Amino acid sequence: MTRYIIQRLVYMIITMFLIATFTFFLMKFLPGTPLSAADKLSEEQQQVVLEKYGLDDPVPVQYFNYIFNLLQGDMGISFQFDNREVTTIIFERIGPSMTLGVQAMVIGTILGMLLGLVSAIYHNGFLDYGSTFIAVIGKSIPSFVFAGILQYFVGVKLGWFPVALWEGWEYTVLPTVALAIFPIAIAARFMRTEMLEVMGSDYITTARAKGVNKFGVVFKHGLRNALIPLITVLGPLAIGLMTGTLVIENIFAVPGIGEQFVKAINTNDFPIIMGTTLLIAFLFIFIVLIIDLLYGVIDPRIRLAEGE
Amino acid sequence: MKKTNWLLLVLALVLSMFLVACSGGDSTDEGSSDDGSTDTEQDSGSDSEGDSEAASGEQVLNLIDGAEIPTMDASLATDAVAFQWLGSTMDGLYRLGENAEPEPGIAKDHTVSDDALTWTFNLRDDAVWSNGDPVTANDFVYAWQRAVDPDTGSEYGPYMMGGVIKNATDIAAGDTPVEELGVKAVDDTTLEVTLEKPIPYFESLTTFGTFLPLNQAFVEEQGDQYALEADTLLSNGPFVMTEWSHGEGWTLEKNEDYWDAENVKLAGINVKVVKDTATGVNLYETGEIDRTGLSAEFVDQYRTSEDFRIEEEPVLFYLKMNQEANEILGNVNARKAIQHVIDRQSMVDVILNNGSIPAVGDIPANFVSHPESGEDFRELNGDLVTNDVDKAQELWTTAKEELGIDTAELNYLGGDTEVAKNLDAYIKDQLEKLEGLTVNVQSVPFQERLDRDTSMDYELQNSGWGPDYIDPNTFLNMWVTDGGNNKTGYANEDYDAMIEKANNELAQKPVERFELFLEAEKKLIQEDAVLAPLYQRAAAQLWKPHVKGVIVNPMGPDYNYKHAYIEGK
C-alpha cells in the first residue's frame with residue numbers, strides 16, 4: 001500500500017512537470033504580448049519593457065528560467081496586476097471558488113443521491129418520475145440561465161438572498177444553488193441506474209430472502225456497490241467546480257479564480273496562466289489518486305493487491 | 001486493519017485540505033462585512049451599510065466597476081480602472097474639472113516662458129500626503145523620473161512623456177541618465193519643467209495619471225510592495241483608500257487632511273467588482289448601487305426611465321484601410337467608395353443601440369472647440385463622409401476602371417466579441433453593396449488584431465482610438481508617415497508638413513493652429529480617404545437621481561468625484 005502511494009506520488013511529479021512544460025510552450029504561441037498598452041507604444045518602447053521582464057529572451061531560455069524559479073517555489077509576478085505575486089493572487093482567488101465548489105458538491109451529491117435512491121426504490125412510481133424530471137431539468141438547463149433566473153426571482157423579486165457580491169455567508173447561497181444543480185442531476189441519474197442494477201442482482205435477492213427489510217438491503221448492501229461509478233464521475237466534476245466557473249462567478253460577482261484564469265489567457269499574463277494551470281492539474285491528479293484509494297474502501301473486490 | 005488506517009489518514013488529510021480552503025474563504029468574508037444581509041431588503045433604498053469597514057451614512061456613493069484595479073502605482077498604470085481610482089485618491093499639478101478645464105491641484109498656478117519651453121509651477125504649501133509628509137516639488141521630480149526610468153518597466157511613462165519632457169525619449173531608451181529629465185525642484189514649492197518642444201496642451205497633460213507625484217521616501221521604503229495593498233500606498237487627493245479586497249472591491253473614505261477637504265462633500269465611496277451587465281442592473285434595481293452601465297438589450301427597457309443617461313465619449317471607431325496590402329485599397333476612389341457606402345445611422349441605432357453616434361471625421365464631436373469662437377471642431381468641419389450609395393457606386397466604378405478589374409475581394413479583420421461580430425457582419429453587408437465586391441470577415445481576439453496591425457497583415461480593419469490629452473493632435477498625429485500607430489501605409493508629405501507646422505511653428509498660436517488642424521482633418525478624411533469613420537462611442541447608463549456633482553471627463557479618469565454629493569435620497 002505504502003509502495004503504491006509512493007509510486008503514485010512519483011508519477012504525479014512527472015505528470016506535473018510534463019504539464020508545466022507543455023503549457024509553457026503552448027502559451028508562447030498565444031498572439032500578442034503581455035503589455036497592456038501595446039496598441040499605443042512604438043516597437044522600441046515595447047522592447048524596453050519586454051527586456052525588463054526577460055520576455056525578449058529565446059523561449060527555451062525563458063522556460064529554463066521559469067522551471068528553475070518554480071523549483072525554488074517562486075511562481076513569479078503577474079503582468080496584469082503589476083508586481084503582485086502569482087501565489088498571492090491565486091491564494092486570494094481560490095478561496096471563494098473552493099467555498100462555492102465544496103458547498104455545491106456536498107449539497108449536490110447528497111440531494112442527488114437521495115433523489116436517485118428514491119427513484120430506484122419507488123421504481124416507475126410517481127416519485128421516480130418526479131425525481132427523474134428534476135434530474136433532466138438540472139442536466140439540460142445551462143447554468144447561466146438557471147443562475148440568471150435565480151438571481152432575478154429569488155434575489156430581486158423575492159429579496160430572500162443577496163442578488164450578488166461577496167460579503168458573507170448568505171452571499172454564497174444563490175451561487176451555490178446555481179452550481180449544485182448540475183451535480184444533483186448527475187448524482188441522481190447515476191444513483192438511480194446503479195441502484196436498479198444492484199438491486200436486481202442475486203445477493204440482494206438472497207438478503208431479502210433471508211428476511212432483511214427493504215431499507216436495510218438498500219442501505220447496507222445496495223448503496224455501497226452503487227457508489228463506485230458515482231465517485232468516478234463526481235471526482236473530476238468536483239475539481240471543475242472548486243477551481244472556479246467563469247459564468248457563475250461573473251453573474252454573482254464572486255471574486256473567484258475561474259474568471260481570473262480566463263482573463264489571464266486573454267491578456268497574456270503568462271505567470272498567472274502557469275500558476276493556475278499547475279494548481280488545477282495538481283488538484284486533478286490528487287483527486288484521481290484519492291478516488292483510486294476510495295475504490296478499495298468501498299469495494300473489497302478491487303482492493304489493491306500490491307504490498308500485501 | 002493496517003490498510004484501513006492508511007486510508008483514514010489520507011481521507012482526513014483531504015478533508016482538512018478542503019476545510020482549510022473553505023475557512024480561508026470565510027475569514028475573508030468576515031473581514032469585509034458581517035451583516036451585509038441588512039442590504040438585501042428589496043428597494044428599501046437601504047443605506048444601512050451597517051458594516052464597520054465600508055463607508056456608511058448619507059454621503060456615500062455605492063458604485064461598481066467592471067474589473068479589479070490592475071495597479072495603484074501611478075508609474076505603471078495603463079487602463080481606465082487604474083486611472084479612475086488614482087485620480088480619486090491623488091492630486092496632480094492640476095485636476096480635470098467642469099468642461100474639461102484644468103482646476104488647481106497641487107499647483108496653484110504656473111508661468112510659461114516666452115519660448116514656451118519652460119513651465120514654472122507654483123505649488124501650494126499646505127498639501128500633505130496621508131502619512132503627514134508635505135507634498136513638495138521633489139515628489140513630482142521623483143515620480144516623473146521613475147516613470148521614464150527603463151528599470152521601472154512603465155509603459156505609459158515613455159508614451160506620455162516621450163517627446164514632451166526634455167530628454168524623456170533618450171532616458172526611456174536607456175541612453176541618458178534619469179537625472180537629465182527636464183524637470184527640477186527649484187525649491188519645495190516651485191517646480192520647473194523643461195519641454196522638448198512647445199506643447200500647447202501641456203496643462204491638460206499634467207492632470208493625467210502618469211504625471212501624479214510620488215512620495216520618494218515612502219515608495220522606496222515599500223520597495224516591491226509599493227501600492228499593492230491599501231496600506232502600502234499613500235494618497236494626497238480627495239479620498240484615501242482604506243480597504244482593498246482584491247477582485248471583490250475597495251473602499252475610499254474622505255481624506256480629512258486633503259488641502260481642499262472643505263469642498264469634498266462625500267464621506268466615502270464603496271466600489272464592488274461586477275462584470276456582468278445583468279447583475280449590475282439587478283443590483284441597481286435593489287438599490288444597492290447608484291450607477292450601472294447598460295448593454296444594448298437593456299437600453300430599450302430603460303430608455304424612458306428618468307434614471308437613464310447617455311454619456312458621450314470621445315472614443316472613435318473607424319475602418320483602417322491598408323493601402324499596401326491590396327491594390328484596390330491603394331486607390332483613393334475605392335477608399336472613398338467604402339467611406340460613402342456605409343449607413344452609419346442604422347448601424348448605431350440598430351446594431352449598437354447604446355447612444356453611440358455616427359462618426360463623420362477623425363475628431364470626435366464635443367472634444368475640442370475653437371479657441372476664439374468656442375465652436376466645436378466637429379461643427380466647424382461638418383460631415384466629411386456621408387451615406388450616399390449612388391455616389392459610392394460611381395466612385396467604385398471609377399476605381400475599377402482605373403485598376404482594370406471587374407470584381408474585388410477584401411479581407412476584413414474584426415473583433416471576436418458578440419457586439420463586434422454583429423457590427424462586422426453589418427459592415428460587410430454594407431460594403432458588399434459595391435458591385436463586384438466580396439468581403440471576407442475574420443473575427444480574431446484583440447491581441448491577435450494588435451499583432452496583425454503592427455505587422456500590417458490586414459486589408460480592412462475595424463479599429464478604434466481614445467484620446468490621451470485634449471487636443472486634436474492626439475487623433476491627427478498618428479497618421480503621419482511611418483507613425484507608430486499609422487500602419488495603413490499612408491504617407492503624404494503635405495499632411496506630414498501640416499502636422500509638423502501645427503506642433504512647432506504654430507505651437508504658440510492657438511487659433512491658426514486649430515484652423516490648420518481643421519484643414520489637416522479634411523485632407524486626411526475627405527481628400528485622401530485614409531480611414532472610413534464608423535461611430536463615436538457612448539455609454540448608456542442608469543444613475544440614481546440623488547447622485548449630484550459628478551464630473552464626466554473626456555480623458556484620464558472617467559469621472560471626477562471630488563465635487564460629488566448625495567441629495568434627496
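Every value quoted in this text rests on a predicted model; they were computed, and no experiment measured them. Proteins get letters first, then strands, A, B, ... in listed order; numbering begins at 1 in each.
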*In terms of heavy-atom pairs under 4.5 Å, which option from D79(B), V444(B), D468(B) contacts chain A the most?*
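Counting heavy-atom pairs under 4.5 Å, the top option is D468(B).
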
*Taking T279(B), D276(B), D453(B) one by one, which has the highest count of heavy-atom pairs under 4.5 Å against chain A?*
T279(B)

Between atom [atom1] of [X] and atom [atom2] of [Y], what is the distance when rounded to the nearest 0.5 Å?
X: T78(B); Y: Q80(A); atom1: OG1; atom2: CD; value: 10.5 Å
X: L246(A); Y: K275(B); atom1: CG; atom2: NZ; value: 9.0 Å
X: E43(A); Y: T454(B); atom1: CD; atom2: OG1; value: 6.0 Å
X: K157(A); Y: T286(B); atom1: NZ; atom2: OG1; value: 11.5 Å
X: M160(B); Y: K40(A); atom1: CE; atom2: NZ; value: 8.0 Å
X: L228(B); Y: D82(A); atom1: CG; atom2: CG; value: 9.0 Å

Taking all non-hydrogen atoms of both residues into account, name the closest pair between [X] and [Y] and its distance.
X: Q447(B); Y: G32(A); value: OE1-CA, 3.4 Å
X: G153(B); Y: V49(A); value: O-CG1, 3.7 Å
X: F81(A); Y: I69(B); value: CD2-O, 3.7 Å
X: A164(A); Y: L283(B); value: N-CD2, 4.2 Å
X: P31(A); Y: E448(B); value: CB-OE1, 3.1 Å

*Less than 4.5 Å apart, any side-chain heavy atom of R84(A) and any of E229(B)?*
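Heavy-atom side-chain distance check passes, below 4.5 Å.
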
*Looking at side-chain heavy atoms only, is the closest gap between Y152(A) and N282(B) below 4.5 Å?*
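Of all side-chain heavy-atom pairs linking N282(B) with Y152(A), at least one is under 4.5 Å.
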
Heavy-atom distances under 4.5 Å only: say whether [X] touches chain A with side chain, backbone, both or neither.
X: L450(B); result: side chain
X: T152(B); result: backbone
X: S154(B); result: backbone
X: Y226(B); result: neither
X: I64(B); result: neither
X: D151(B); result: backbone
X: D451(B); result: side chain
X: D224(B); result: backbone
X: V274(B); result: both
X: P445(B); result: neither

*For E248(B) and E167(A), what are the C-alpha separation, side-chain angles and deciding distance, and is it a side chain to side chain contact (heavy atoms under 4.5 Å, CB included)?*
CA-CA 9 Å; E248(B) 192 241 308; E167(A) 298 179 351; 4.0 Å; yes

_Below 4.5 Å, heavy-atom pairs only: which of I77(A), I251(A), V48(A) has the largest tally toward chain B?_
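Counting heavy-atom pairs under 4.5 Å, the top option is I251(A).
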
_Please evaluate residues L165(A) and V273(B) with respect to the criterion side chain to side chain contact (heavy atoms under 4.5 Å, CB included), reporting the C-alpha separation (whole Å), side-chain torsions for both, the decisive distance (0.1 Å), and the verdict._
CA-CA 8 Å; L165(A) 303 181; V273(B) 178; over 6 Å; no

_Short side-chain donor-acceptor distance under 3.5 Å, H246(B) and R93(A)_ = no

*Aromatic W166(A) / basic K272(B) pairing, under 6.0 angstrom, 45° off normal*: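 No, K272(B) does not sit over the ring of W166(A).
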
*asked:* Between S42(A) and chain B, with a heavy-atom cut-off of 4.5 Å, which part of the residue counts as in contact: side chain, backbone, both or neither?
replied: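 It is neither, since no heavy atom gets under 4.5 Å.
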
*asked:* Need one label for E259(A): side chain, backbone, both or neither, based on atoms under 4.5 Å from any heavy atom in chain B.
replied: side chain

*Can you check whether A37(A)'s main-chain N or O pairs, donor with acceptor, with E155(B)'s side chain at less than 3.5 Å?*
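Indeed, once roles are kept as given, a pair shorter than 3.5 Å links the two residues.
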
*Sidechain N-carboxylate O distance under 4.0 Å for E68(B), K263(A)*: no

